[in-house]
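All remarks here apply to the structure that follows.
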Number of protein chains: 2
Amino acid sequence: MPLLLLKDLPRYECLLEGAKVFPELDPSACEAYLHLLRAGDEVFSVTERNLAEHTISQGRFSVLMLLWNSTQRRTSAGEAVEPCRPAGPRTPAELADAAGVTRATMTGLIDTLERDGLVRREPDPDDRRMMSVRLTPKAEDFVAALLPAHFRIMARLMAPLSETERKTLVSLLTKILQSANELTSTPPALSASS
Amino acid sequence: MPLLLLKDLPRYECLLEGAKVFPELDPSACEAYLHLLRAGDEVFSVTERNLAEHTISQGRFSVLMLLWNSTQRRTSAGEAVEPCRPAGPRTPAELADAAGVTRATMTGLIDTLERDGLVRREPDPDDRRMMSVRLTPKAEDFVAALLPAHFRIMARLMAPLSETERKTLVSLLTKILQSANELTSTPPALSASS
DNA sequence: CTTTTTTAGTTAGCCACCTAACTATCTGCT
DNA sequence: AGCAGATAGTTAGGTGGCTAACTAAAAAAG
């Protein structure tokens, strides 16, 4: 449960009320914003609860998935196929980058994964600064056993939406993601108006 | 940044590929799921960054908003109006409930808010187990100064969507929220299929 | 009127996120 | 060759989430 947001979303009339006090308040934008965070949080915590039953956190699971993705690529790379991702992350720095966390955070995650016997750190023979992180066989079994339930949860979450609605949702979310990225890459003009 | 999720979303072909290995993988559901978490995370972190410029976290901000909502209600309650919320939370337990965190977490948040001079704890005269949490004048100014920028961010995030699209988004998210709540309230049937 | 149970809040300890500072190594410039 | 700067990873310390165990007070049971 990452967010900490209002559990009960405000009613639309309240937003209209608020817009009288704050002219900056765009009611429909605010409503969409709150619903997005609320739904994201709830969906997140549903999958998190499932993962927790297998005594693993979202963060550690993401690391396992990234590494597992890499091994899948290697093992099935007899032919020149699988162009899904360029290489597959191996070092802590690559993993941190792929997962969108800092290297310090990744150090901590790998620490606990290694303590639990799911990954191993191996020094890079060429560059002694670097480490290579590898899944243990135990982790591969673990992930393979975990994924079916994980995918079932996703399917159930999205069950009420038709294929068309899913596509619509994805395209709307993509637009929002783009505008968020623009806001991110444009640090100025924050408290000042446009 | 709560999530720790893949920064680059997998391409749809990869999901189709994965569905061959895992029959439980519903590609369009998975795509919608990943986009939802990704967009939610990004939007969250955009607003978080804005709040951080005012040296406050999302969690503390939520607490301030809940309390501020209450005070607004009281001060303008000369007439019998504002039915937006029944009462407005005042005690740590009510705040925790409204914010969707545990009481222990709320204790920590109030601790830091009190340390920063934004709230005060006052003992309840009737029930000596209870505390009443109040905003300081400093906090009221702080929130009032913060909100315009906060609302502007929301408006910019949602700028690419038309009013119709926003309504569509809200209705799709509401459906997902409902199915998430059903999954939450139905603890069994997790790893087992339906 | 005691005793038990429930409730409000806190404390303690874990995890995962962050930033900043540090060590070790490699790279590049002169 | 030798040193400055870049890079990989870790460490240290802070925050905000959690659960579980605790204290104090109120409510319920006898």
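Every chain is numbered from 1 and lettered A, B, ... according to where its sequence line falls, protein lines coming before strand lines.
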**Message:** Counting only side-chain nitrogens and oxygens, does B/Arg121 get under 4.0 Å of the OP1 or OP2 atom of C/dT10?
**Reply:** yes
**Message:** Before we go on, tell me: are the rings of B/His150 and B/Phe61 under 6.0 Å apart, centre to centre?
**Reply:** yes
**Prompt:** Think B/Arg128 has a side-chain N or O under 4.0 angstrom from the OP1 or OP2 of D/dA26?
**Reply:** yes
**Message:** In this structure, how many angstroms lie between the C1' atom of C/dC15 and the CG atom of A/Leu113, rounded?
**Reply:** 12 Å
**Prompt:** Distance-only, no hydrogens or angles: does the A/Ser28 side chain make a donor-acceptor pair with backbone N or O of B/Glu163 under 3.5 Å?
**Reply:** no
**Asked** Within the pair B/Thr105 and D/dC18, is there a side-chain N or O less than 4.0 Å away from OP1 or OP2?
**Response** yes
**Request:** Among the candidates D/dC18, D/dA8, C/dG9, find the nucleotide nearest to the side-chain atoms of A/Met130.
**Result:** D/dA8
**Asked** With sequence neighbours left out, which residue pairs that include part of residues 123-142 of chain A fulfil the ring pair (Phe, Tyr, Trp, His ring centres under 6.0 Å) condition?
**Response** none
Please produce a list of atom pairs where a protein N or O lies less than 3.5 Å from an N or O of nucleotides 13-15 of chain D.
unit_1	atom_1	unit_2	atom_2	d
D/dT15	OP1	B/Arg115	NH2	3.2

**Asked** Can you check the A/Asp111 CG to D/dT11 P distance for me, whole Å?
**Response** 7 Å
**Fill in**
Winner on side-chain proximity to A/Asp127, out of D/dG17, C/dC26, C/dG9, is C/dC26
**Asked** Closest to the B/Ala104 side chain: C/dT11, C/dA24, C/dT7?
**Response** C/dT11
**Atom-to-atom span, CD of A/Glu48 to P of D/dT19 - whole angstrom** = 10 Å
**Prompt:** Is a salt bridge present between A/Glu114 and A/Arg121, judged by a nitrogen-to-oxygen distance below 4.0 Å?
**Reply:** yes
**Request:** Choose from C/dC18, C/dA24, C/dA16 the nucleotide whose nearest atom is closest to any side-chain atom of A/Leu109.
**Result:** C/dA16
**Prompt:** Please give, in whole Å, the distance from C/dT25 P to A/Arg129 CZ?
**Reply:** 10 Å
**Item:** side-chain N/O A/Arg103 vs D/dA8 OP1/OP2, d < 4.0 Å
**Value:** yes
**Fill in**
Here the distance between atom P of C/dT7 and atom CE of B/Met131, to the nearest Å, is 20 Å
**Request:** Grab the CD1-P distance between A/Ile110 and D/dT10 for me, whole Å please.
**Result:** 6 Å
**Request:** Write down the distance between CG (A/Asp124) and P (D/dT10), rounded to a whole number of angstrom.
**Result:** 13 Å
**Prompt:** Under 4.0 Å between a side-chain N or O of A/Thr107 and OP1 or OP2 of D/dG9?
**Reply:** no
**Request:** Identify whether the distance between the nearest side-chain nitrogen and carboxylate oxygen of B/Arg38 and B/Glu42 falls below 4.0 Å.
**Result:** yes
**Fill in**
In short, side-chain hydrogen bond (donor to acceptor under 3.5 Å, both in side chains) pairs touching residues 170-179 of chain A with sequence neighbours left out are A/Lys175-B/Glu165
**Prompt:** Does the distance from a Lys or Arg side-chain N to an Asp or Glu carboxylate O, for B/Arg156 and A/Asp26, drop under 4.0 Å?
**Reply:** no
**Message:** How many whole angstroms separate atom CG of A/Asp116 from atom P of C/dC14?
**Reply:** 14 Å
